[in-house]
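Here the structure comes first, spelled out in structure tokens, and everything after it is commentary.
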Number of protein chains: 2
Amino acid sequence: MSKLRSAPTLEDVARMAGVSTATVSRCLNSPDRVVKATRQRVLSAVDTLGYTPNFAAQVMAAKRTFTIGAIIPTMENAIFARGLQAFQEELHQRGYTLLVSSSAYKPDLEEEQIRTLVARGADGLLLIGHDRDPKIYEYLDRRKIPVLVAWSYLPDAQVPSIGFDNRAAMFELTNRVIGLGHKRIGMISGISAGNDRARLRVEGVRDAVAQNELAVSDLRIIETPYEIENGAAAFSNLMSKGTRPTAVLCGNDVLAVGAIRRAQEMGLRVPQDVSITGFDDIELARIATPALTTVHVPHRDMGRKAALELVGMVEKTADGTALRLPTTIVERQSLGRPAKP
Amino acid sequence: MSKLRSAPTLEDVARMAGVSTATVSRCLNSPDRVVKATRQRVLSAVDTLGYTPNFAAQVMAAKRTFTIGAIIPTMENAIFARGLQAFQEELHQRGYTLLVSSSAYKPDLEEEQIRTLVARGADGLLLIGHDRDPKIYEYLDRRKIPVLVAWSYLPDAQVPSIGFDNRAAMFELTNRVIGLGHKRIGMISGISAGNDRARLRVEGVRDAVAQNELAVSDLRIIETPYEIENGAAAFSNLMSKGTRPTAVLCGNDVLAVGAIRRAQEMGLRVPQDVSITGFDDIELARIATPALTTVHVPHRDMGRKAALELVGMVEKTADGTALRLPTTIVERQSLGRPAKP
DNA sequence: ATCCCATTTGTAAGCGCTTACATAAAAAAT
DNA sequence: ATTTTTTATGTAAGCGCTTACAAATGGGAT
């Protein structure tokens, strides 16, 4: 019994309702421009035919997609989940659809995804962090596609950003750690190449170390991709060579959870034997035992505001000004005073 | 200095290269149908203009999108992350793009997303679980859009599925729990309405209880949305009324982690005072303390195979046969013998 | 030199929609 | 009743691409 003909078109609806395609289009897009009787006839035709507008055709004709693209580095852990969720909720409110893809922290993959999203007609783009080939910005600029950067805040960058000051946040946390008496500090950072957030977090730590006049040699830094296992491996590494640090600051919560786990496997108590901190304050941070002392980032708020701003830029009601959101340090159980030497 | 003209079109490229649009199109889509000299001229024009094909126009003309849509219930936790990642990697290999959206476990939202994806021309759809309004299946059937269900295995359903036997898996786990001597069992399930996976897991527990001739009154079940906090609340609930169960089986790892946390807050030792189990074996399960005894699901494998099958269905090289993947029980520390009464 | 076939390129017709503009109908003003 | 204004609908021109078909080009084979 299945019909052989393919999806019904505007014309099918128009024919069935006895009107022109223009009228059908108007019924769907600006219902009040059509008189009630006609509208009902049309809508019932739409209904019985099971008509759904062909998106590609709409885009071609109207040159608007009401689509926003976002490219995040990863979906594998929850770092971006909450913020993106809020972003998408807000977009939906405003009548926009979100297209997400993940770049696996690979710049060339990201570039490909950007082109794909642009080809698909994204009205605006949300990108994470500023670091990328300037050519990409040129490309986007030439096509006049509004771009907003999130998870980072760099007021002087050519592209507006909405996020937080990664450097200042980590600076503050490190100061707190040093204030507790820690002198030998280890850091497990994400890969900083092409990732301004990771890089700035490291610099925040460096700043604090310098300001407190600790010997630079007392700061050991390992870079590794953001994965639990890597956090564990880096922790081993840090604890195996030379004098052990009494505090290990991690570039994010994922690495920190790995570090905690390895510490426990090594029979070290956290925080009595070694303190460990994270960054982001994702759910993981509260689940870890001991719960993680970390930098809280207002993910949902950031997502919401990013949506607002980006839609504003697309609709030319906002000019894309950078916005800095506050971060706070959440004290839980993984940071304490160092053991007496 | 910014150019005023908008994105270059095929015609711009054609003009610059001194050929027709057809030739440019061929250069891009079937390069060997065009002689080398011409091709180079065209490609360099493409390059200097920074041309990217307009996707909507391609779709209109070619009636193919090489896009697969997937709708998952949530992105907030990692339940679907790993499987989806594998799904998308495999699709990418095969030249397809994945469009994901999340329905927040809301049937009407899911329906809207399905329509959106169809309107966007998805060549095929991946859905999670079988339970949904039959009208949706009719709609999809009428449009001849191949649909594959994952995370579930129901060989007799009208839509092919690739997944695992939720009921049998939970049956096996429950038997193991009962075998350890547990007689009073609690279950914290996800909301089963519109969610065959949740429902079948409950039935698996029921089956085992019945088969082992435990009193049905000794099985207490609470349904709650899949969130850590809800797991905790449900656990409180289970432990507060009547005789306490000695084992609490959870519908997934997220609920189980919440239950563990609450147990600890209540001063109960897991598993000495109460055993707790999960389902899915996501990363969380290993991070929890104690680590979670749970049902391992071959997420990556499922994702990969789903991609293969769905692409096959789209390209008419596969007929969409159901496939059942094995699950295994992962023993960690959260399940033990009940305390002596 | 001529003819034939294979290869390369061009021509032009859509794909399904939106929208500026034209027209028809109804309402308001005279 | 006539004219003007407003409102409702129709007409048709694209949007940027793919592709069937036609035309042109270039070798061989004769």
Side-chain angles (χ1 to χ4, degrees), chain A residues 5-43 45-46 49-67 95 115-116 118-123 143-144, chain B residues 5-43 45-46 49-67 115-116 118-123 143:
Chain A
R5 57 210 167 70
S6 63
T9 70
L10 244 210
E11 204 179 328
D12 296 330
V13 176
R15 200 175 312 123
M16 176 174 235
V19 297
S20 74
T21 62
T23 301
V24 179
S25 175
R26 278 188 286 255
C27 273
L28 267 21
N29 300 316
S30 35
D32 26 294
R33 301 207 46 229
V34 101
V35 86
K36 195 173 171 193
T38 319
R39 200 189 321 152
Q40 287 179 336
R41 210 145 29 92
V42 168
L43 292 183
V46 164
L49 288 173
Y51 170 77
T52 311
N54 178 314
F55 181 72
Q58 284 184 314
V59 171
M60 281 229 62
K63 312 205 144 246
R64 276 297 304 279
T65 63
F66 286 97
T67 293
R115 286 180 186 275
T116 302
V118 168
R120 283 186 131 78
D123 292 333
R143 286 195 170 42
K144 302 258 174 290
Chain B
R5 61 210 165 71
S6 61
T9 69
L10 244 210
E11 203 179 329
D12 296 331
V13 177
R15 199 175 312 124
M16 178 174 232
V19 297
S20 73
T21 61
T23 300
V24 178
S25 174
R26 280 189 282 256
C27 273
L28 268 20
N29 300 313
S30 35
D32 24 296
R33 302 207 44 227
V34 107
V35 87
K36 192 170 173 194
T38 319
R39 198 189 323 152
Q40 287 180 336
R41 209 145 29 92
V42 169
L43 292 182
V46 164
L49 287 174
Y51 169 77
T52 313
N54 178 314
F55 181 73
Q58 283 184 316
V59 170
M60 281 230 63
K63 312 210 145 238
R64 274 298 303 278
T65 62
F66 286 95
T67 293
R115 285 180 187 276
T116 302
V118 168
R120 283 186 133 79
D123 291 333
R143 284 196 172 41

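Proteins come first, then strands; the chains are lettered A, B, ... in the order of their sequence lines, and each starts at number 1.
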Review point. Taking protein heavy atoms under 4.0 Å as touching, what does nucleotides 14-25 of chain C look like 5' to 3' if B marks base contact, S marks sugar-phosphate-only contact and - marks none?
Key: BBBBBB------
Practice item. Go through the steps for A:Thr67 and A:Arg120 under the test side-chain contact (heavy atoms from CB on, under 4.5 Å), then give the verdict. Key: CA-CA 9 Å; A:Thr67 293; A:Arg120 283 186 131 78; over 6 Å; no
Review point. Whole Å only: how far is the CZ atom of A:Arg39 from the P atom of D:dT7?
Key: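 Whole-Å distance recorded here is 15 Å.
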Review point. To the nearest Å, how far apart are A:Asp32 CG and D:dT9 P?
Key: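 Interatomic distance, CG of A:Asp32 to P of D:dT9: 12 Å.
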Check your understanding: Does the pair A:Asn54 and A:Thr9 meet the rule for a side-chain contact (heavy atoms from CB on, under 4.5 Å), with working shown?
Key -> CA-CA 8 Å; A:Asn54 178 314; A:Thr9 70; over 6 Å; no
Review point. Out of curiosity, A:Leu49 CG to A:Leu10 CG, how far, rounded to the nearest 0.5 Å?
Key: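 Between atom CG of A:Leu49 and atom CG of A:Leu10 there are 11.0 Å.
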Point to revise | From CG (A:Leu43) to OG1 (A:Thr38), nearest 0.5 Å | key: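 Output value for this atom pair is 10.5 Å.
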Review point. What pairs meet the side chain to side chain donor-acceptor pair (under 3.5 Å) rule with one or both residues in residues 55-66 of chain B, with sequence neighbours excluded?
Key: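 Of all non-adjacent pairs touching residues 55-66 of chain B, those that pass side chain to side chain donor-acceptor pair (under 3.5 Å) are B:Arg64-B:Tyr96, B:Arg64-B:Asp123, B:Thr65-B:Asp123.
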Check your understanding: Which pairs pass side chain to side chain donor-acceptor pair (under 3.5 Å) with one or both residues in residues 25-35 of chain A, sequence neighbours excluded?
Key ->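 Qualifying pairs, neighbours excluded: A:Ser25-A:Asn29.
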**Study point:** Which residues share a ring pair (Phe, Tyr, Trp, His ring centres under 6.0 Å) with A:Tyr51, sequence neighbours left out
**Key:**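 Ring pair (Phe, Tyr, Trp, His ring centres under 6.0 Å) check on A:Tyr51 returns nothing, list empty.
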Exercise for review: Would you indicate what A:Val59 reaches in the nucleic acid, counting non-hydrogen atoms under 4.0 angstrom: base, sugar-phosphate, or nothing?
Suggested key: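 Here A:Val59 touches no strand at all.
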Review point. Taking only residues two or more places apart in sequence, or in another chain, which ones meet A:Arg115 in a salt bridge (charged side-chain N to carboxylate O under 4.0 Å, His left out)?
Key: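 A:Arg115: salt bridge (charged side-chain N to carboxylate O under 4.0 Å, His left out) contacts with A:Glu111.
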Practice item. Work out how much the helix from C:dA1-D:dT30 to C:dT30-D:dA1 bends between its end axes, five pairs an end, to the nearest 10 degrees. Key: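 Here the local axes at opposite ends form an angle of 40°.
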